[in-house]
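For the numbers below, each heavy atom of this structure counts, side chains included, while hydrogens, waters and symmetry mates do not.
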Amino acid sequence: MGRPAHQFLDRFTPAGELIDPEMDKFAASLVTQYRSGDLSGEGACEALIRFIRPRFKPVSPPHEQLIEQTLAWLGSSLNPDLDRLFDQLAFSRRQVERLVTQYFGFPPAALARKMRAIRAAELLAHPELSDEGAAEIAEAFHDQPHMIREIRRYCGYTPSQMRKADEPLFQTMLRMQNLEKPGSFRVIGR
């Protein structure tokens, strides 16, 4: 939408305010059509795409490359090397900090910290996690209390609470395929 992600972090913004003032009327129309059976879920998604697509602003090729390289960097390790990100991009360190914050909502170090906690939570939620995988997760944090605090901060649950959480939205959020494109993250402990 051409607006920095960090301005919308941790808050709800009405779609009409962010995308287009006509969004609320359009969405209400889609809901009415869907509920009456005049429109399938797939048809509603296609209509939404047709409405939103022309309102997107294109990302410049250098910024697109920065986004792709940042995603690859995040997926390379539970604790990716910050200097490696700065070295591989064709921008100054300050520009990388500013652009990553603009597109991801956090500067690189904070983004890596958040993704480490979310990935650890996702991995710990799987009963088939190997001992080696659990050890790699443990090594990514200073100690167990640190890991528990970080996971609670970014996921809202401690690891033991996650095993008991029966909320479908939370469980869907934790599945890695819902976090990024498949294949972006190095496989750990499976």
Side-chain angles (χ1 to χ4, degrees), residues 1-31 39 41-123 140 150 153-156 169-170 172-188:
M1 303 312 304
R3 298 171 72 188
H6 68 278
Q7 292 179 353
F8 301 94
L9 196 63
D10 295 331
R11 65 189 68 155
F12 289 104
T13 303
E17 186 180 312
L18 184 61
I19 298 170
D20 185 308
E22 293 296 312
M23 184 71 195
D24 294 335
K25 190 165 55 171
F26 173 77
S29 170
L30 279 183
V31 168
L39 189 63
E42 186 177 328
C45 288
E46 289 171 3
L48 185 60
I49 290 167
R50 285 191 303 275
F51 182 85
I52 291 175
R53 181 175 281 145
R55 289 158 177 83
F56 281 155
K57 292 187 169 49
V59 175
S60 70
H63 288 193
E64 190 174 336
Q65 186 177 17
L66 173 129
I67 292 166
E68 290 294 326
Q69 287 180 302
T70 301
L71 290 172
W73 169 75
L74 285 169
S76 68
S77 166
L78 283 172
N79 275 325
D81 180 11
L82 199 53
D83 288 329
R84 188 173 146 243
L85 176 68
F86 294 125
D87 292 344
Q88 70 186 16
L89 294 168
F91 296 98
S92 71
R93 188 176 183 101
R94 178 65 194 122
Q95 285 176 304
V96 171
E97 294 271 349
R98 184 181 56 77
L99 291 169
V100 169
T101 302
Q102 176 182 330
Y103 288 110
F104 292 90
F106 290 95
L111 179 63
R113 181 178 165 200
K114 177 181 179 178
M115 290 308 298
R116 176 185 62 194
I118 292 171
R119 288 184 69 204
E122 187 273 335
L123 293 164
E150 292 288 286
R153 176 182 180 161
Y154 292 108
C155 298
L169 184 59
F170 177 71
T172 300
M173 188 274 305
L174 280 180
R175 288 196 293 276
M176 285 307 292
Q177 65 265 25
N178 292 310
L179 295 175
E180 294 297 336
K181 328 182 258 204
S184 326
F185 293 103
R186 183 176 62 78
V187 175
I188 293 172

For [X], check side chain to side chain contact (heavy atoms under 4.5 Å, CB included) against everything at least two apart and list the hits.
X     : value
Ala27 : none
Arg98 : Arg94, Gln95, Gln102
His63 : Val59, Ser60, Phe91, Leu99, Tyr103
Arg53 : Ile49

Heavy-atom check, side chain of Phe86 versus side chain of Glu97, under 4.5 Å: yes

So, do Ile118 and Cys155 sit near enough that their side-chain heavy atoms are less than 4.5 Å apart? yes

Closest non-hydrogen atom pair, [X] against [Y]:
X      : Y      : result
Trp73  : Pro108 : CH2-O, 3.6 Å
Phe106 : Leu111 : CB-N, 3.7 Å
Gly43  : Leu39  : C-CD1, 3.7 Å
Met23  : Ala15  : CG-CB, 3.5 Å
Glu22  : Asp20  : N-OD1, 2.7 Å

Can you list the residues that meet the side chain to side chain donor-acceptor pair (under 3.5 Å) rule with Thr13, with sequence neighbours excluded? none

Just how far is it from atom [atom1] of [X] to atom [atom2] of [Y], taken to the nearest 0.5 Å?
X      : Y     : atom1 : atom2 : answer
Lys25  : Leu30 : NZ    : CG    : 13.0 Å
Glu17  : Asp24 : CD    : CG    : 10.0 Å
Leu89  : Gln65 : CG    : CD    : 7.5 Å
Met115 : Leu74 : CE    : CG    : 6.0 Å

Applied to residues 79-88, the salt bridge (charged side-chain N to carboxylate O under 4.0 Å, His left out) test, sequence neighbours excluded, yields Asp83-Arg93

Which pairs pass salt bridge (charged side-chain N to carboxylate O under 4.0 Å, His left out) with one or both residues in residues 104-116, sequence neighbours excluded? Arg113-Glu150, Arg116-Glu150

Could I get the full list of ring-ring contact (aromatic ring centres under 6.0 Å, His included) partners for Phe26, not counting sequence neighbours? Phe51

State which residues pass salt bridge (charged side-chain N to carboxylate O under 4.0 Å, His left out) with Glu46; sequence neighbours excluded, sorted by chain then number. none

